Amino acid sequence: MDPLALLPYALAAAGGRVGAHDVTALVAAGVTLLQRSAPLVRALAGRRSAVLLPPGAPWLVALAASDGRSMVLLDPLTVSVDAIAAMLRTHDVGAVFTSQAWLPAVPADTPFVLLDEAPSRARVCALGRDHMIDLGSHFALDLVGDTDSPGSPEECLRLEPHGAVLTHADLLVAARRVLRDHQLTPLHHTTWASTPVSPESIVRELVAPLLVGGTVDTGART
(Lines give C-alpha, C1' and ligand atoms only; values in the text may rest on other atoms or scores of the structure.)
Protein backbone atom coordinates (compact mmCIF):
# COMPACT_ATOMS: atom_id res chain seq x y z
CA MET A 1 0.00 0.00 0.00
CA ASP A 2 1.16 3.53 -0.75
CA PRO A 3 2.38 4.93 2.61
CA LEU A 4 0.89 8.30 1.76
CA ALA A 5 -2.55 6.70 1.80
CA LEU A 6 -2.23 6.84 5.60
CA LEU A 7 -3.04 10.20 7.19
CA PRO A 8 0.10 10.81 9.31
CA TYR A 9 2.45 10.12 6.39
CA ALA A 10 0.40 12.24 4.01
CA LEU A 11 0.63 15.13 6.47
CA ALA A 12 4.36 14.61 6.99
CA ALA A 13 5.02 14.62 3.25
CA ALA A 14 3.36 18.05 2.91
CA GLY A 15 5.99 19.74 5.08
CA GLY A 16 3.75 21.71 7.43
CA ARG A 17 4.28 22.69 11.05
CA VAL A 18 2.44 22.47 14.36
CA GLY A 19 3.67 25.36 16.43
CA ALA A 20 7.47 25.23 16.46
CA HIS A 21 7.67 21.63 15.20
CA ASP A 22 7.88 20.22 11.69
CA VAL A 23 5.19 17.61 11.12
CA THR A 24 7.82 15.35 9.56
CA ALA A 25 9.72 15.36 12.86
CA LEU A 26 6.55 14.66 14.85
CA VAL A 27 5.60 11.69 12.68
CA ALA A 28 9.19 10.41 12.81
CA ALA A 29 9.02 10.63 16.61
CA GLY A 30 5.88 8.50 16.62
CA VAL A 31 7.52 5.90 14.41
CA THR A 32 10.61 5.94 16.65
CA LEU A 33 8.41 5.40 19.71
CA LEU A 34 7.14 2.14 18.23
CA GLN A 35 10.60 1.05 17.17
CA ARG A 36 12.00 1.56 20.68
CA SER A 37 9.19 0.19 22.85
CA ALA A 38 8.37 -3.47 22.35
CA PRO A 39 5.82 -3.40 25.24
CA LEU A 40 3.85 -0.67 23.46
CA VAL A 41 3.89 -2.62 20.20
CA ARG A 42 2.58 -5.71 22.00
CA ALA A 43 -0.09 -3.70 23.84
CA LEU A 44 -1.39 -2.27 20.56
CA ALA A 45 -1.15 -5.47 18.52
CA GLY A 46 -4.49 -6.01 16.77
CA ARG A 47 -6.15 -3.30 18.89
CA ARG A 48 -7.04 0.38 18.70
CA SER A 49 -5.24 3.24 20.44
CA ALA A 50 -6.86 6.19 22.20
CA VAL A 51 -5.78 9.78 22.77
CA LEU A 52 -6.46 12.07 25.72
CA LEU A 53 -4.47 15.15 24.79
CA PRO A 54 -5.00 18.88 24.32
CA PRO A 55 -4.21 20.45 20.94
CA GLY A 56 -0.51 20.40 20.11
CA ALA A 57 2.47 18.55 18.71
CA PRO A 58 2.08 15.40 20.90
CA TRP A 59 -1.26 14.70 19.19
CA LEU A 60 0.57 14.14 15.87
CA VAL A 61 3.14 11.92 17.61
CA ALA A 62 0.27 9.79 18.94
CA LEU A 63 -1.35 9.60 15.51
CA ALA A 64 1.89 8.32 13.96
CA ALA A 65 2.52 5.89 16.82
CA SER A 66 -0.93 4.41 16.23
CA ASP A 67 0.67 2.96 13.08
CA GLY A 68 -2.32 3.40 10.77
CA ARG A 69 -4.79 1.71 13.11
CA SER A 70 -7.85 3.45 14.47
CA MET A 71 -7.30 6.07 17.18
CA VAL A 72 -10.21 6.85 19.51
CA LEU A 73 -10.48 10.55 20.39
CA LEU A 74 -11.62 11.24 23.95
CA ASP A 75 -12.15 14.51 25.78
CA PRO A 76 -12.07 14.28 29.61
CA LEU A 77 -13.59 17.77 29.78
CA THR A 78 -16.87 16.47 28.35
CA VAL A 79 -16.78 12.73 29.13
CA SER A 80 -16.77 11.27 32.66
CA VAL A 81 -13.99 8.98 33.89
CA ASP A 82 -16.45 6.07 34.11
CA ALA A 83 -17.60 6.71 30.55
CA ILE A 84 -14.01 6.80 29.32
CA ALA A 85 -13.33 3.41 30.90
CA ALA A 86 -16.42 1.97 29.22
CA MET A 87 -15.41 3.38 25.83
CA LEU A 88 -11.92 1.94 26.10
CA ARG A 89 -13.44 -1.50 26.71
CA THR A 90 -16.04 -1.14 23.96
CA HIS A 91 -13.48 -0.15 21.35
CA ASP A 92 -10.82 -2.65 22.48
CA VAL A 93 -8.17 0.00 23.16
CA GLY A 94 -4.70 -1.38 23.83
CA ALA A 95 -3.01 1.82 25.03
CA VAL A 96 -3.84 5.47 25.69
CA PHE A 97 -1.67 8.40 24.62
CA THR A 98 -2.07 11.15 27.17
CA SER A 99 -0.39 13.74 29.41
CA GLN A 100 0.41 13.80 33.11
CA ALA A 101 -2.43 16.26 33.73
CA TRP A 102 -5.03 13.98 32.13
CA LEU A 103 -3.61 10.67 33.36
CA PRO A 104 -6.17 10.43 36.24
CA ALA A 105 -8.85 9.87 33.58
CA VAL A 106 -7.10 6.68 32.36
CA PRO A 107 -8.18 3.44 34.09
CA ALA A 108 -5.45 2.01 36.33
CA ASP A 109 -5.12 -1.23 34.37
CA THR A 110 -4.77 0.42 30.94
CA PRO A 111 -1.32 0.78 29.32
CA PHE A 112 -0.49 4.43 28.68
CA VAL A 113 2.07 6.71 27.05
CA LEU A 114 2.83 10.14 28.49
CA LEU A 115 3.74 12.62 25.76
CA ASP A 116 4.36 15.76 27.84
CA GLU A 117 7.95 15.90 26.56
CA ALA A 118 7.22 14.83 22.97
CA PRO A 119 8.72 14.95 20.45
CA SER A 120 11.88 14.65 22.56
CA ARG A 121 10.89 11.89 25.00
CA ALA A 122 7.94 9.71 25.99
CA ARG A 123 7.17 7.64 29.06
CA VAL A 124 5.64 4.23 28.32
CA CYS A 125 3.89 2.20 31.01
CA ALA A 126 2.74 -1.09 29.49
CA LEU A 127 2.78 -4.80 30.30
CA GLY A 128 4.54 -4.36 33.61
CA ARG A 129 7.24 -2.02 32.33
CA ASP A 130 7.61 1.71 32.99
CA HIS A 131 10.36 3.33 30.98
CA MET A 132 11.40 6.55 29.22
CA ILE A 133 11.98 6.48 25.48
CA ASP A 134 14.35 8.91 23.78
CA LEU A 135 12.63 10.18 20.63
CA GLY A 136 15.11 12.90 19.79
CA SER A 137 17.59 10.95 17.68
CA HIS A 138 15.67 9.24 14.90
CA PHE A 139 16.24 8.79 11.20
CA ALA A 140 14.48 11.17 8.83
CA LEU A 141 11.45 9.79 7.04
CA ASP A 142 11.92 8.94 3.37
CA LEU A 143 8.40 9.49 2.06
CA VAL A 144 7.87 8.33 -1.50
CA GLY A 145 4.44 7.86 -2.98
CA ASP A 146 1.43 9.46 -4.63
CA THR A 147 0.82 12.81 -2.92
CA ASP A 148 -2.71 12.77 -4.36
CA SER A 149 -3.49 9.33 -2.98
CA PRO A 150 -7.21 8.89 -2.36
CA GLY A 151 -6.35 7.44 1.04
CA SER A 152 -6.78 4.08 2.71
CA PRO A 153 -10.34 2.85 3.39
CA GLU A 154 -9.21 1.60 6.80
CA GLU A 155 -10.58 3.23 9.95
CA CYS A 156 -8.39 6.11 11.14
CA LEU A 157 -10.25 8.06 13.85
CA ARG A 158 -13.24 7.51 16.14
CA LEU A 159 -14.76 10.48 17.93
CA GLU A 160 -16.38 9.79 21.26
CA PRO A 161 -18.97 10.21 22.62
CA HIS A 162 -20.34 11.19 19.19
CA GLY A 163 -19.59 7.86 17.55
CA ALA A 164 -18.29 9.29 14.29
CA VAL A 165 -15.94 6.94 12.40
CA LEU A 166 -13.52 8.37 9.84
CA THR A 167 -11.23 6.50 7.47
CA HIS A 168 -7.92 7.82 6.15
CA ALA A 169 -9.71 8.34 2.83
CA ASP A 170 -12.55 10.30 4.47
CA LEU A 171 -10.12 12.74 6.05
CA LEU A 172 -7.90 13.22 3.00
CA VAL A 173 -10.80 13.70 0.58
CA ALA A 174 -12.57 16.15 2.90
CA ALA A 175 -9.34 18.08 3.50
CA ARG A 176 -8.66 18.47 -0.22
CA ARG A 177 -12.20 19.81 -0.63
CA VAL A 178 -11.50 22.43 2.06
CA LEU A 179 -8.22 23.35 0.36
CA ARG A 180 -10.08 24.06 -2.89
CA ASP A 181 -13.01 25.86 -1.31
CA HIS A 182 -10.90 28.15 0.88
CA GLN A 183 -7.83 28.39 -1.39
CA LEU A 184 -5.44 27.55 1.43
CA THR A 185 -1.72 27.89 0.76
CA PRO A 186 1.45 27.06 2.72
CA LEU A 187 1.51 30.70 3.87
CA HIS A 188 -1.68 30.33 5.88
CA HIS A 189 -1.65 30.06 9.69
CA THR A 190 -4.57 28.25 11.29
CA THR A 191 -5.54 28.20 14.96
CA TRP A 192 -6.21 24.79 16.51
CA ALA A 193 -7.97 25.94 19.62
CA SER A 194 -9.63 22.89 21.16
CA THR A 195 -9.62 19.11 21.23
CA PRO A 196 -11.25 17.77 18.06
CA VAL A 197 -14.98 17.46 18.66
CA SER A 198 -16.32 16.86 15.16
CA PRO A 199 -15.15 15.64 11.76
CA GLU A 200 -15.52 19.18 10.48
CA SER A 201 -13.25 20.68 13.14
CA ILE A 202 -10.57 18.04 12.58
CA VAL A 203 -10.52 18.68 8.84
CA ARG A 204 -10.79 22.48 9.05
CA GLU A 205 -8.39 23.17 11.93
CA LEU A 206 -5.80 20.43 11.48
CA VAL A 207 -5.82 18.15 8.44
CA ALA A 208 -6.47 20.64 5.63
CA PRO A 209 -3.94 23.27 6.78
CA LEU A 210 -1.22 20.64 7.27
CA LEU A 211 -2.01 18.85 4.02
CA VAL A 212 -1.18 22.02 2.10
CA GLY A 213 2.03 22.52 4.09
CA GLY A 214 0.76 25.35 6.27
CA THR A 215 1.27 26.14 9.94
CA VAL A 216 -1.13 25.21 12.71
CA ASP A 217 -0.86 27.22 15.93
CA THR A 218 -2.36 26.15 19.24
CA GLY A 219 -3.89 28.42 21.83
CA ALA A 220 -7.08 30.12 22.85
CA ARG A 221 -9.37 31.21 20.07
CA THR A 222 -9.72 34.99 19.77
Side-chain angles (χ1 to χ4, degrees), residues 6-34 37 40 49-67 70-79 84 93 95-106 112-125 132-136 138 141 156-160 166 171 175 184 186 188-222:
L6 299 178
L7 180 63
Y9 298 108
L11 297 181
R17 297 176 65 83
V18 174
H21 301 285
D22 291 333
V23 174
T24 300
L26 299 177
V27 172
V31 173
T32 301
L33 176 55
L34 288 179
S37 179
L40 177 60
S49 67
V51 62
L52 277 165
L53 286 168
W59 202 95
L60 272 294
V61 176
L63 181 66
S66 296
D67 199 28
S70 179
M71 187 168 76
V72 181
L73 309 189
L74 302 168
D75 184 356
L77 302 180
T78 59
V79 181
I84 287 174
V93 169
V96 178
F97 295 97
T98 189
S99 64
Q100 187 68 52
W102 286 3
L103 183 58
V106 178
F112 63 83
V113 182
L114 295 182
L115 293 175
D116 298 84
E117 299 181 58
S120 299
R121 299 200 307 168
R123 175 188 167 196
V124 178
C125 184
M132 295 296 297
I133 305 294
D134 176 18
L135 306 177
H138 44 65
L141 292 173
C156 179
L157 298 176
R158 282 179 171 260
L159 280 70
E160 293 296 344
L166 302 169
L171 290 160
L184 294 181
H188 279 92
H189 282 241
T190 302
T191 299
W192 180 17
S194 59
T195 52
V197 295
S198 69
E200 294 77 15
S201 67
I202 291 173
V203 171
R204 184 178 62 251
E205 297 181 11
L206 182 66
V207 180
L210 293 183
L211 196 61
V212 78
T215 297
V216 170
D217 296 313
T218 60
R221 191 187 304 276
T222 58

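None of these values were measured; they are calculated from a predicted model. Along the sequence shown, residues carry numbers from 1.
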Is there a side chain to side chain contact (heavy atoms under 4.5 Å, CB included) between L206 and L60? Walk through the geometry before answering. CA-CA 10 Å; L206 182 66; L60 272 294; 4.1 Å; yes

Stepwise salt bridge (charged side-chain N to carboxylate O under 4.0 Å, His left out) test for R17 and D22: CA-CA 4 Å; R17 297 176 65 83; D22 291 333; 2.4 Å; yes

Report the C-alpha distance between L52 and L73 in whole Å, list the side-chain angles of each, state the deciding distance to 0.1 Å, and finish with yes or no for side chain to side chain contact (heavy atoms under 4.5 Å, CB included). CA-CA 7 Å; L52 277 165; L73 309 189; over 6 Å; no

Evaluate side chain to side chain contact (heavy atoms under 4.5 Å, CB included) for L33 paired with V31, printing each intermediate quantity in order. CA-CA 5 Å; L33 176 55; V31 173; over 6 Å; no

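Across every non-hydrogen atom of L171 and C156, the tightest pair is CD1-SG, 3.9 Å. Across all non-hydrogen atoms, the minimal contact from A57 to H21 is CB-CD2, 3.6 Å. For the pair S99 and L53, the tightest heavy-atom approach, listed with the atom from each and the gap, is N-CD2, 3.7 Å. For S66 against S49, the heavy-atom pair with the smallest separation is OG-OG, 2.7 Å. In this structure, A12 and V27 approach most closely via the heavy-atom pair CB-CG2, 3.8 Å. Summarising the geometry of L135 relative to R121, their closest heavy-atom pair is CD1-C, 4.0 Å, with the distance given to 0.1 Å.
Distance check: L157 CG to L63 CG gives 6.5 Å after rounding to the nearest 0.5 Å. How far CG of L11 is from CG of L210: 5.5 Å, rounded to the nearest 0.5 Å. Interatomic distance, R123 CZ to L103 CG, rounded to the nearest 0.5 Å: 7.0 Å. A distance of 12.0 Å separates CZ of F97 from CH2 of W59, quoted to the nearest 0.5 Å. Annotation: the span from W102 atom CH2 to L115 atom CG amounts to 12.5 Å, rounded to 0.5 Å. The CG atom of D134 sits 10.5 Å away from the CD atom of E117 when rounded to the nearest 0.5 Å.
A14 is linked by a side chain to side chain contact (heavy atoms under 4.5 Å, CB included) to nothing, counting only residues two or more places apart in sequence or in another chain.
Looking only at side-chain heavy atoms (C-beta outward), D67 and L34 come within less than 4.5 Å of each other. Within the 4.5 Å cutoff, side-chain heavy atoms of L159 are placed close to those of I202. Side chains of V51 and V72 form no contact here, defined as non-hydrogen atoms less than 4.5 Å apart.
Remark: the backbone N or O of G19 is not paired with any side-chain donor or acceptor of D217 at under 3.5 angstrom.
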